[in-house]
There are 2 protein chains.
Amino acid sequence: MPVQTLLQHFNTITPLSLAAQAALKQCLYLERYPKKTMIQQQHRPAQHIFIVHTGLVRSFYTHNDKEITASFGTPGCMVCAMSSLLSYEPATYSIETLEESELFYMEFAAMEALYDAHHDLERLGRMMITQYYLDQEKELKAIRFQSSEQRYQTLLNLQPELLQRAPLGHVASYLGITPETLSRLRARY
Amino acid sequence: MPVQTLLQHFNTITPLSLAAQAALKQCLYLERYPKKTMIQQQHRPAQHIFIVHTGLVRSFYTHNDKEITASFGTPGCMVCAMSSLLSYEPATYSIETLEESELFYMEFAAMEALYDAHHDLERLGRMMITQYYLDQEKELKAIRFQSSEQRYQTLLNLQPELLQRAPLGHVASYLGITPETLSRLRARY
DNA sequence: TGCACTTTTTGATTTATATCAAAAAATGAG
DNA sequence: CTCATTTTTTGATATAAATCAAAAAGTGCA
């Protein structure tokens, strides 16, 4: 039963009471989506948090009519239009599956309602956003101080399969470089 | 009584019970520091959160032996070695006053202890780190998509006084450019 | 008040990566 | 399977900003 695995995972972030776990479980759904399904549309209110169970998704936004990949989601990853959920404004991010995927989802509003009733879930929320902050800080420093080549190599070390499974253009914008530059980097390993 | 103003400010972020306010008040201290005082040293454990009451401070880290200004703190700003507080690792950030300043400070450990006792303070913590996340996201996009000149002009619009009060080199690294480039930008307004 | 030291300015050169352009390869619908 | 469309590769050129270098201006201490 996969929901149980997910709760287990949350429990390692911060211990959750049985009541909190039960309440959370009530709000979590698992669904299968075909390849190339848009599960969150730009300009519509962001409502859901997704957690990848199987498959591959990406979140992206547009800048000067170009799609910029913000993140890839592999099993275990939480993917959502974070800034829109947090600010309650229409989403600037879209999310789509790149492969057939099974995703947990829950209403963000439901999560917020649970915060009121369960102090430990509020703590979970705090710790998760904290982790997002720390990861983003790393990303900021990578963009500022590392060359295209260094960022490419980091990805190659940490998630080599992404370069096979995701189109080059998506990976390029994720790394903050043009497809041409990534193609050339790849040519000389 | 300035602590009262600060509590008021927190109250606008999320409503705090009187008990929570009283507990928080117990942990808050106000102190005056002369210009150029290091209030947080790199490599030492980060222990405090500072909130600027008067004056000007900056937080910075070193990269390739160069100091990089991470943020400036003006009255109302919270300044801390955030990532070290959150990760419990020795600070990679230093913090110093650029002018004589009055700062509120509190032990981060005390804040964490208060989280256990006061759900509403945990919420305050969650909402504050959330705001940090959203601000950092803006910064990341500015670095990725805006030119030096655009970032300079944004600063000029939002905090023109910083260019008078902080040394050019500090502002340059804050903007992610070299002092030479900033000097040239400034020359042609 | 003068002198060492630091910061800022100005100029010349280099460089990484974007942009523009077009060919080659891959993909997918009918 | 075939053709249209999209993606990737390859090449030539442009450019913003870094780097290197040195002069000028500013700062503070003795």
Side-chain angles (χ1 to χ4, degrees), chain A residues 34-38 56 58 60 62-69 72 96-100 139-156 160-189, chain B residues 34-38 56 58 60 62-69 72 96-100 139-156 160-189:
Chain A
K35 187 174 177 171
K36 296 217 175 187
T37 310
M38 280 287 208
L56 180 65
R58 71 159 184 147
F60 61 99
T62 52
H63 184 264
N64 291 155
D65 295 330
K66 282 192 284 269
E67 284 185 359
I68 308 293
T69 297
F72 291 105
E96 68 173 0
T97 56
L98 296 180
E99 302 173 353
E100 180 176 77
E139 200 185 328
L140 181 61
K141 286 186 179 171
I143 287 282
R144 268 196 72 166
F145 301 115
Q146 290 179 215
S147 65
S148 298
E149 186 167 5
Q150 286 174 307
R151 296 199 302 277
Y152 170 70
Q153 286 187 332
T154 302
L155 185 66
L156 208 58
E161 76 287 358
L162 265 190
L163 289 148
Q164 311 305 318
R165 290 165 68 190
L168 173 139
H170 294 169
V171 176
S173 69
Y174 174 66
L175 291 172
I177 62 185
T178 58
E180 291 96 324
T181 298
L182 179 54
S183 173
R184 279 181 254 258
L185 283 169
R186 194 158 70 162
R188 55 175 153 104
Y189 298 31
Chain B
K35 187 174 178 169
K36 295 217 173 183
T37 310
M38 280 287 209
L56 180 66
R58 70 160 185 148
F60 61 99
T62 52
H63 184 265
N64 292 155
D65 295 331
K66 280 192 284 271
E67 285 185 0
I68 309 293
T69 297
F72 291 105
E96 67 173 1
T97 56
L98 296 180
E99 301 173 353
E100 179 177 77
E139 200 184 330
L140 181 60
K141 288 187 177 171
I143 286 283
R144 267 196 72 167
F145 301 115
Q146 291 179 214
S147 65
S148 298
E149 186 168 5
Q150 287 174 307
R151 295 199 302 278
Y152 169 70
Q153 285 186 333
T154 301
L155 185 66
L156 208 58
E161 76 289 357
L162 264 189
L163 289 148
Q164 311 307 319
R165 291 164 68 189
L168 173 139
H170 293 169
V171 176
S173 69
Y174 174 66
L175 290 173
I177 61 184
T178 58
E180 292 94 326
T181 297
L182 179 54
S183 172
R184 279 182 255 258
L185 282 170
R186 196 159 68 162
R188 55 175 153 104
Y189 295 33

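We name chains A, B, ... by the order of the sequence lines, and we start the count at 1 in each one.
Following rounding to the nearest Å, Arg151(B) (CZ) and dA16(D) (C1') show an atom-to-atom distance of 11 Å. Atom C1' of nucleotide dT19(C) and atom CD1 of Ile177(A) are separated by 15 Å, given to the nearest angstrom. One interatomic measurement links the two molecules: CD1 of Ile143(B) to P of dA16(D), which rounds to 17 Å at whole-angstrom precision. Residue Phe145(A) contributes atom CZ, which lies 11 Å from atom P of dT19(D) at whole-angstrom precision. Taking atom CG of Asn64(B) as the reference point, atom C1' of dT19(D) lies 14 Å away to the nearest angstrom. What separates CG of Leu168(B) from C1' of dT10(C) is a distance of 13 Å, to the nearest Å. His170(A) places its NE2 atom 11 Å from the C1' atom of dT6(D), with the value rounded to the nearest Å. In this structure, Lys66(A) atom NZ and dT7(D) atom P are separated by 15 Å, rounded to whole Å.
Looking at which nucleotide of DNA chain D each of Lys35(B) and Lys36(A) is closest to, the 5′-most match is held by Lys36(A).
Proximity of Ser148(B) to the phosphate of dA17(D): a side-chain N or O atom is located under 4.0 Å from OP1 or OP2.
Between the side chain of Thr97(A) and the backbone N or O of Thr37(A), at least one donor-acceptor pair lies under 3.5 Å. Listed for the Ser148(A) side chain is no donor-acceptor partner under 3.5 Å among the backbone atoms of Ile177(A).
The aromatic rings of Phe72(A) and Tyr174(A) stand perpendicular to each other, their planes meeting at an angle above 60°, with 30° marking the opposite boundary.
With salt bridges taken as basic N to acidic carboxylate O contacts below 4.0 Å, one links Glu149(B) and Arg188(B). Electrostatic pairing of Lys36(A) and Glu96(A) does not count as a salt bridge here, judged by no charged N lying under 4.0 Å from a carboxylate O.
Considering only the side chain of Thr178(B), dT19(D) comes nearest among dA17(D), dA18(C), dT19(D).
Less than 4.0 Å separates DNA chain D from at least one heavy atom of each of the following residues of residues 180-189 of chain B: Glu180(B), Thr181(B), Arg184(B).
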Q) Where do Gln153(A) and Leu185(A) land on the side-chain contact (heavy atoms from CB on, under 4.5 Å) test, with the steps shown first? A) CA-CA 9 Å; Gln153(A) 286 187 332; Leu185(A) 283 169; over 6 Å; no
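Among the candidates Lys35(A), Arg58(A), Arg165(A), the single residue satisfying the salt bridge (Lys or Arg N to Asp or Glu O under 4.0 Å) test with Glu99(A) is Arg165(A).
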